[in-house]
Amino acid sequence: MQDYFSAPFPRRDSVGVPVGNVLVGGGAPVVVQSMTNTDTADVDSTVAQVAALHRAGSEIVRITVDRDESAAAVPRIRDRLARLGIHVPLVGDFHYIGHKLLADHPDCAEALAKYRINPGNVGFKDKKDKQFAAIVETAIRYNKPVRIGVNWGSLDQELLTTLMDHNKANGSPLTAVQVMREAIVQSALLSAELAEEIGLGRDKIILSAKVSQVQDLIAVYTMLAQRSNHALHLGLTEAGMGTKGIVASSAAMGILLQQGIGDTIRISLTPEPGGDRTREVQVSQELLQTMGFRQFIPIVAACPGCGRTTSTVFQELAQNIQADIRTNMPIWREKYPGVEELKVAVMGCIVNGPGESKHADIGISLPGTGETPSAPVFIDGQKAATLKGPNIAADFQVMVADYIERRFGQGRQAAE
Ligand code: SF4
């Protein structure tokens with residue numbers, strides 16, 4: 001039996017789906033993806049944001065394709081990105097008129113690496129299946145995968161009503177919430193079945209079922225995971241701003257990932273006005289890294305500080321080191337293979353400082369209140385130097401850079 005408290009469950013078996021040059025599911029590492037919030041018809045802004053999201057670590061980027069101008073812009077966006085050396089798979093997000101846009105803009109259909117279909121608004125009444133089929137047939141023609149992305153806010157009302165009536169006729173054994181969850185799951189599975197009947201392979205179908213409540217998300221994805229082997233895209237919709245969005249998404253997805261459920265994730269955060277869209281990529285990476293699923297960036301361990309640290313030196317140093325690492329990572333990833341495994345510790349005083357620093361690859365224990373104004377630095381578990389004076393922070397940053405060069409740089413390769 002799985003020891004729930006010491007390790008995640010084995011990953012759920014899912015059919016791998018290639019999205020451009022990225023494999024989702026089929027045992028591949030959990031993929032980080034994101035979505036732009038620019039007007040896709042504005043090629044300059046969209047190219048800039050896709051490039052920023054990709055440089056921050058987004059392995060797939062979704063863009064809105066909502067009208068002719070956006071669809072016409074897609075191949076230009078793909079080409080401009082290619083000229084920048086960026087070959088990130090672009091996913092088109094379609095609602096209501098996806099069938100028409102894909103038919104009218106074959107270059108767009110070809111340029112996209114995946115189409116997202118929402119079965120709740122692909123069309124209504126007798127047009128629903130026809131328009132859904134048209135998108136699936138386009139996917140087959142261009143050899144593209146689709147994501148069948150159910151969203152509770154645009155849930156297929158006919159299906160929900162049918163299930164509600166059925167439940168009532170049976171004496172209402174399920175609560176309204178349970179029926180709603182069942183409708184979401186069925187909407188995804190029935191749409192996938194229909195796509196497969198039309199001729200789209202299971203290796204071309206990813207499922208998602210987004211809701212805005214943590215418990216609903218856990219329930220819905222657990223049901224989907226039990227009832228299919230499709231690759232699953234995890235995401236909490238309308239997660240919200242700031243810490244609320246981060247906590248809600250991390251709580252829901254953390255539990256699912258721990259159970260082996262989820263092949264790709266997107267953390268949807270509402271940015272502050274003028275805020276940085278790449279934050280959602282950073283949070284996705286940190287979720288996967290802190291849970292031990294993937295390594296993206298060196299970890300900086302820092303104590304929280306307490307009454308023994310009356311200055312802000314150690315907070316500033318921890319912040320500077322972390323910011324330095326994030327800024328340099330796009331270059332370091334190429335220049336220093338393996339650098340993402342680096343562990344740095346920045347500690348505030350002697351109580352836990354030396355111990356934690358020794359466990360890091362390179363760590364510093366700054367002087368707390370009343371301690372001698374010197375800071376021992378530990379490298380690979382051994383005391384390597386004691387920094388003193390007003391430049392402790394700057395000196396430590398130089399030591400970190402030297403350590404990275406020595407351990408992960410050309411020098412190491414020459415010595416091997
Ligand atoms: S290491 Fe020192 S400064 Fe940091 S939290 Fe612990 S006691 Fe406080």
message = What's the separation between atom CZ in R202 and atom NE2 in H230, rounded to the nearest 0.5 Å?
response = 4.0 Å

Sequence-distant partners of K204, side chain to side chain donor-acceptor pair (under 3.5 Å), two or more places apart = N143

ask   = Stepwise, does the side chain to side chain contact (heavy atoms under 4.5 Å, CB included) test hold for Q289 with I297?
value = CA-CA 8 Å; Q289 181 153 348; I297 195 165; 3.8 Å; yes

message = So T237 and S268, do their side chains get closer than 4.5 Å, heavy atoms only?
response = no

message = Would you say Q131 and Y96 are linked by a side-chain donor-acceptor pair, where the criterion is simply a distance under 3.5 Å?
response = no

ask   = Just by distance, with hydrogens left out, do T64 and D66 show a side-chain donor and acceptor under 3.5 Å apart?
value = no

key: Pairing residues for D203 by the side chain to side chain donor-acceptor pair (under 3.5 Å) criterion, not counting sequence neighbours   = none

request  = Using a cut-off of 6.0 Å, state whether more than 12 heavy atoms not belonging to R294 lie near its atom CZ.
outcome  = yes

inquiry  = Counting C-beta onward and ignoring hydrogens, is there a side-chain heavy-atom pair between R308 and V351 closer than 4.5 Å?
reply    = yes

ask   = If you draw a 6.0 Å radius around CG in D276, do more than 12 non-hydrogen atoms from other residues or ligands fall strictly inside?
value = yes

request  = Give a yes or no answer on whether the side chain of R277 reaches the backbone of P271 with a donor-acceptor pair at less than 3.5 Å.
outcome  = no

Qualifying side chain to side chain donor-acceptor pair (under 3.5 Å) pairs with a residue from residues 112-124, counting only residues at least two apart or across chains = D93-R116, H95-N121, N118-S154

task = Supply the atom-to-atom distance F378 CZ to I362 CD1, rounded to the nearest 0.5 angstrom.
result = 11.5 Å

request  = Sequence neighbours left out, what pairs pass side chain to side chain donor-acceptor pair (under 3.5 Å) with at least one residue falling in residues 342-353?
outcome  = none

query = Would you call E286 and R326 a salt bridge, using N to O less than 4.0 angstrom?
reply = yes

ask   = Closest heavy-atom contact between P145 and A113?
value = CD-O, 3.1 Å

key: Close side-chain approach of V283 and L269, heavy atoms under 4.5 Å   = yes

ask   = Strictly by modelled atom types, are N229 and R12 linked by a side-chain donor-acceptor pair under 3.5 Å?
value = no

query = Between E110 and H105, does any side-chain donor sit less than 3.5 Å from a side-chain acceptor?
reply = no

inquiry  = Do Y221 and V211 have side chains that approach each other closer than 4.5 Å (heavy atoms only, starting at C-beta)?
reply    = no

key: Residue of the set E59, R62, E280, H233 for which side chain to side chain donor-acceptor pair (under 3.5 Å) holds with Q33   = H233

inquiry  = Can you tell me how far apart CG (L287) and CD (Q282) are? Round to the nearest 0.5 Å.
reply    = 12.5 Å

ask   = Quick one: does S357's side chain have a donor or acceptor within less than 3.5 Å of a partner on A345's backbone?
value = no

task = Flag yes if more than 12 heavy atoms outside W152 fall under 6.0 Å of its CH2 atom; otherwise flag no.
result = no

Heavy-atom closest pair, residues L189 and S228 = CD2-CB, 3.7 Å

Below 3.5 Å, can you tabulate the donor-acceptor pairs from side chains in residues 241-257 to any protein atom, sequence neighbours excluded?
residue	atom	partner	partner atom	Å
K244	NZ	A239	O	2.7
S249	OG	G245	O	3.1
S250	OG	I246	O	2.7

Closest contact, heavy atoms only, V344 versus I321 = CG1-CG2, 4.2 Å

request  = May I have all residue pairs that pass side chain to side chain donor-acceptor pair (under 3.5 Å) and include part of residues 174-186, sequence neighbours excluded?
outcome  = T175-Q178, R181-D216, E182-Q186, E182-R227

key: Heavy-atom side-chain proximity of F408 to K335 below 4.5 angstrom   = no

task = Under the side chain to side chain contact (heavy atoms under 4.5 Å, CB included) rule, what do V61 and M35 come out as? Steps first, then yes or no, please.
result = CA-CA 5 Å; V61 179; M35 185 173 182; over 6 Å; no

query = Hey, are the side chains of T369 and T309 touching, using non-hydrogen atoms and a 4.5 Å cut-off?
reply = no

task = Measure the spacing between CG of L232 and CD1 of I261 and express it to the nearest 0.5 Å.
result = 7.5 Å

query = Do E137 and I198 have side-chain heavy atoms sitting under 4.5 Å apart?
reply = yes

Enumerate, atom names and distances included, each donor-acceptor pair closer than 3.5 Å involving a side-chain atom of residues 162-171, sequence neighbours excluded.
residue	atom	partner	partner atom	Å
T162	OG1	E158	O	2.8
N167	OD1	L174	N	3.1
N167	ND2	L174	O	2.9
N170	ND2	H166	O	3.4

ask   = Do K358 and D380 meet the salt-bridge criterion of a basic N to acidic O distance under 4.0 Å?
value = no

task = For Q382, look at atom CD and say whether over 12 heavy atoms of other residues, nucleotides or ligands are found less than 6.0 Å away.
result = no

key: Over all atoms of both residues, closest heavy-atom pair of A139 and V146   = CB-CG1, 3.7 Å

request  = Report yes or no: do T38 and T46 form a side-chain donor-acceptor pair below 3.5 Å?
outcome  = yes

request  = Compare every heavy atom of L112 with every heavy atom of G92, then report the nearest pair and how far apart it is.
outcome  = N-CD2, 3.5 Å

ask   = Among all residues two or more places apart in sequence or in another chain, which pass the salt bridge (Lys or Arg N to Asp or Glu O under 4.0 Å) test with R333?
value = none

request  = Would you please name every residue forming a side chain to side chain donor-acceptor pair (under 3.5 Å) with N328, sequence neighbours left out?
outcome  = none

Atom pairs and distances, donor-acceptor, side-chain atoms in residues 74-89, under 3.5 Å, two or more places apart:
residue	atom	partner	partner atom	Å
R80	NH1	D44	OD1	3.2
R80	NH2	D44	OD1	2.9

message = Please report the interatomic distance CD(Q213) to CD(Q215), rounded to the nearest 0.5 Å.
response = 9.0 Å

ask   = Can you tell me how far the CG atom of L236 sits from the CD1 atom of I265, to the nearest 0.5 Å?
value = 12.0 Å

Result block: side-chain N/O donor-acceptor pairs under 3.5 angstrom for residues 50-58, not counting sequence neighbours:
residue	atom	partner	partner atom	Å
H54	ND1	S58	O	2.9
S58	OG	S34	N	3.3
S58	OG	S34	OG	2.7
S58	OG	I60	O	2.8

ask   = Taking the side chain as C-beta and beyond, is there a heavy-atom pair between D263 and V31 under 4.5 Å?
value = no

task = Quick one: do R147 and S208 satisfy side chain to side chain contact (heavy atoms under 4.5 Å, CB included)? Show the steps, please.
result = CA-CA 7 Å; R147 168 159 70 94; S208 69; 2.6 Å; yes

Listed partners of K128 passing salt bridge (Lys or Arg N to Asp or Glu O under 4.0 Å), at least two apart = D156

ask   = What are the two closest heavy atoms between A41 and E69, and how far apart are they?
value = CB-CB, 3.8 Å

ask   = Can Y142 and L102 be said to form a side chain to side chain contact (heavy atoms under 4.5 Å, CB included), step by step?
value = CA-CA 11 Å; Y142 290 94; L102 285 167; over 6 Å; no

task = Evaluate whether atom CD1 of I350 has more than 12 neighbouring non-hydrogen atoms of other residues, nucleotides or ligands under 6.0 angstrom away.
result = no

